[in-house]
Amino acid sequence: MKKLRFLSVLLVSLLLIIPLEAQNRIEIVYMRWGDLKEIEIEKKIVESFNQSQNKIFVRLESAAWGAYWQQLQNRIAAGNAPDVILMDGAYFIDLASKGVFLDITDWMNKEINLKNYYYDPEVCEWNGKKYAMVRDITIGGVMYYNKDLFDKYKVRYPDWTWNWNKWLDAAKKLTIDENKDGTPEIWGLYIPTWGEGGLYPIIWSAGGEILTKDRRACVIYSNPKSLEGLKFMYDIRYKYKVCPSESFMQGLADPFMTGNFAMTTGITSFIVGYKKLPFRWGIAPIPSGPAGRHMTVNQLSLAIYSKSKYPREAWEFIKFAVGPKGQEIMGKGYQAIPALKTKTRVYFDEENIRPALKIFELYEKGQLKSLNFTPSWLEWNNMLETTLGYAWQGRVDIEKAAKTAEERVNKILKEAWDKLNK
């Protein structure tokens with residue numbers, strides 16, 4: 001009797017741990033990374049789904065970026081990964097090629113109209129099969145400008161007519177060394193040296209490429225146009241001196257937020273942090289280079305674990321998350337830009353950021369380009385940025401840094417492709 005009484009108490013205790021609304025429903029686990037604000041918005045999406053029907057209950061799990069990928073790899077190895085996985089292009093090929101994701105080609109073809117989405121197959125497809133559905137997008141190469149500084153020094157705001165010459169001319173006017181000590185108090189320009197922030201858009205706008213078309217080799221040195229873009233980034237620091245060196249920038253997380261930079265480039269995710277800035281600011285596209293205007297587009301997607309016990313239920317949640325209701329919650333909460341075209345403008349529903357919607361015209365023209373995802377993408381991209389960093393710090397000239405970076409990246413790419421093709 002004591003044993004039966006103990007088991008009864010234990011059963012009741014376990015039921016109390018499980019939310020009441022989850023009892024008698026199929027539970028699936030959805031895992032994603034994110035900061036506190038991102039997770040709060042995600043909770044609203046999950047709660048809205050859970051309230052919308054009575055057969056499925058989604059349990060949200062989260063972790064910081066680095067911890068997320070480590071935990072995910074461990075759970076995949078143990079065979080108990082979450083049912084629904086938030087996926088980044090940096091890892092997609094590596095995991096899709098290993099059979100981690102469920103083939104959802106038929107469901108997507110029958111139940112999703114991809115024409116209604118900003119959809120990039122790079123983060124969703126592998127070997128002709130669909131393994132994930134696009135969820136949100138991030139645009140890189142967006143230019144943020146400080147309206148107060150432009151007004152103070154009587155410089156016209158940037159617009160779609162700007163090219164690199166106009167950009168440089170404005171940066172010179174807005175680089176101010178008031179006390180004549182050799183270090184400006186106000187910098188006219190800052191172009192980040194990481195891919196989405198500025199490096200990739202500048203190289204593309206110069207007419208260059210980061211990788212060959214088959215993505216098996218790096219060409220930032222061997223392609224003269226790529227080198228031209230790198231030299232522009234070098235010259236604004238060391239020839240024209242309108243942008244500080246990376247040595248100067250160490251410890252400064254986001255220069256634009258200091259109020260001492262007239263213009264910076266970056267990604268659309270920065271909009272959330274800029275909303276509370278104490279000065280007026282605006283958004284413009286990156287100015288046109290010798291080969292036109294090119295910016296980056298990155299997308300996050302949702303995939304189903306191939307060993308999930310409840311794949312159809314997982315798919316129902318994905319459809320909700322990428323559907324009108326889920327996308328609206330995400331956009332209104334400024335968590336990310338909805339990939340569903342009818343909900344994209346929700347993210348930009350404020351006067352000073354509404355002009356950024358015009359940037360989406362570039363998507364239709366093919367001027368928003370993906371990040372050249374490959375196997376081991378994160379490894380070679382880190383190597384590229386780290387090696388070029390010696391030039392941005394003024395320790396070596398840009399040609400030497402580019403040559404070394406290309407050689408190191410090519411070694412990583414060869415090993416990655418060889419391993420994948422075995």
Side-chain angles (χ1 to χ4, degrees), residues 38 65 88-92 118-120 122-123 134-145 158 160 162 164 167 189-211 215 220 226 229-230 232-233 236 243 246 249 253-257 261 263-274 281-289 291-301 334-339 344 347-348 353 355-374 377-378 380-382 384-385 388 392:
E38 289 173 321
W65 168 265
D88 184 272
Y91 292 91
F92 177 74
Y118 292 107
Y119 174 81
D120 184 354
E122 279 194 359
V123 296
V134 65
R135 176 186 186 274
D136 61 71
I137 58 179
T138 300
I139 297 174
V142 174
M143 186 161 72
Y144 297 95
Y145 61 97
W160 284 76
W162 273 33
W164 283 6
W167 198 11
L189 176 61
Y190 179 66
I191 301 177
T193 58
W194 44 279
E196 291 176 87
L199 179 66
Y200 285 16
I202 292 296
I203 289 176
W204 290 332
S205 297
E209 293 291 345
I210 291 87
L211 303 182
R215 303 191 180 183
I220 61 163
S226 301
L230 292 174
F232 176 77
M233 289 186 62
I236 62 171
C243 173
E246 289 307 295
M249 297 296 295
D254 188 334
F256 190 67
M257 297 183 79
F261 286 76
M263 297 174 282
T264 66
T265 59
I267 57 179
T268 46
S269 302
F270 291 175
I271 289 173
V272 176
Y274 292 170
W281 56 275
I283 296 178
I286 198 168
S288 296
R293 178 182 287 109
H294 295 276
M295 301 165 69
T296 69
V297 61
N298 189 17
Q299 304 184 346
L300 300 185
S301 60
Y334 298 103
Q335 185 197 63
I337 302 173
T344 299
Y347 188 86
F348 298 94
I353 61 175
L357 276 168
K358 187 174 172 60
I359 293 172
F360 284 87
E361 294 177 9
L362 301 178
Y363 195 103
E364 309 300 337
K365 298 176 182 178
Q367 291 174 274
L368 295 184
K369 303 173 69 172
S370 71
L371 301 181
N372 292 159
F373 289 121
T374 69
W377 182 89
L378 206 61
W380 71 253
N381 188 69
N382 286 340
L384 174 70
E385 294 176 3
L388 289 177
W392 311 137

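What you see below is based on every heavy atom in this structure, not just the backbone, and it leaves out hydrogens, waters and symmetry mates.
In this structure, F348 and L357 approach most closely via the heavy-atom pair CD1-CD2, 3.7 Å. Taking all atoms of both residues into account, the shortest heavy-atom contact from T265 to G198 is OG1-CA, 4.0 Å. For the pair Y190 and P255, the tightest heavy-atom approach, listed with the atom from each and the gap, is CD2-CG, 3.5 Å. When all heavy atoms are compared, the tightest approach of A336 to Y347 is O-CD1, 3.3 Å. Here the closest non-hydrogen pair linking M295 and G140 is CB-O, 3.1 Å. Considering all non-hydrogen atoms of both residues, W377 and L371 come closest at NE1-O, 2.8 Å.
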Q | Audit row: D136, Y118, side chain to side chain contact (heavy atoms under 4.5 Å, CB included) steps and yes/no | A | CA-CA 8 Å; D136 61 71; Y118 292 107; over 6 Å; no
Q: Test F360 against I337 for side chain to side chain contact (heavy atoms under 4.5 Å, CB included), laying out the working first.
A: CA-CA 11 Å; F360 284 87; I337 302 173; 3.9 Å; yes
Q.
Checking T193 against L199 for the side chain to side chain contact (heavy atoms under 4.5 Å, CB included) test, could you report, in this order, the C-alpha distance in whole Å, the side-chain angles of both residues, the deciding distance, and whether it holds?
A. CA-CA 5 Å; T193 58; L199 179 66; 5.7 Å; no
Q) Does the pair W167 and I191 meet the rule for a side chain to side chain contact (heavy atoms under 4.5 Å, CB included), with working shown? A) CA-CA 12 Å; W167 198 11; I191 301 177; 3.5 Å; yes
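Side-chain contact between W281 and Y145 is absent, with no heavy atoms from C-beta onward closer than 4.5 Å. Under the 4.5 Å side-chain criterion, counting only non-hydrogen atoms from C-beta, I283 is in contact with Y144. Using a 4.5 Å cut-off on side-chain heavy atoms (C-beta onward), W392 and L230 make contact. Using a 4.5 Å heavy-atom threshold, the side chains of T264 and P192 count as separate. Contact check for S205 versus F232: no side-chain heavy atoms found under the 4.5 Å cut-off. A heavy-atom distance below 4.5 Å is found between the side chains of W160 and I359. Using a 4.5 Å heavy-atom threshold, the side chains of K365 and R293 count as separate.
Atom-to-atom distance recorded for I203:CD1 and H294:NE2 is 12.5 Å, nearest 0.5 angstrom. Going from atom OG1 of T138 over to atom CZ of F270 covers 10.0 Å, rounded to the nearest 0.5 Å. Rounding to the nearest 0.5 Å gives a distance of 5.5 Å between CD of E196 and CD1 of I267. Annotation: the span from W380 atom CH2 to E385 atom CD amounts to 9.0 Å, rounded to 0.5 Å. Of the inter-residue distances, the one linking S370 atom OG with R215 atom CZ reads 4.5 Å to the nearest 0.5 angstrom. A distance of 12.5 Å separates CG of L362 from NZ of K369, quoted to the nearest 0.5 Å.
In this structure, the side chain of Q299 engages the main chain of D120 through a donor-acceptor pair within 3.5 Å. Although no hydrogens or angles enter the test, the distance criterion places no donor-acceptor pair under 3.5 Å between the side chain of W162 and the main chain of A284.
Residue Y363 is tested with L368, I139, I137, T344 for a side chain to side chain contact (heavy atoms under 4.5 Å, CB included); the sole match is L368.
For the residue pair Y200 / N381, a side-chain donor-acceptor distance below 3.5 Å is found, with atom types taken as modelled.
Taking the six-membered ring for Trp and the full ring otherwise, the centers of F256 and Y274 sit less than 6.0 Å from each other.
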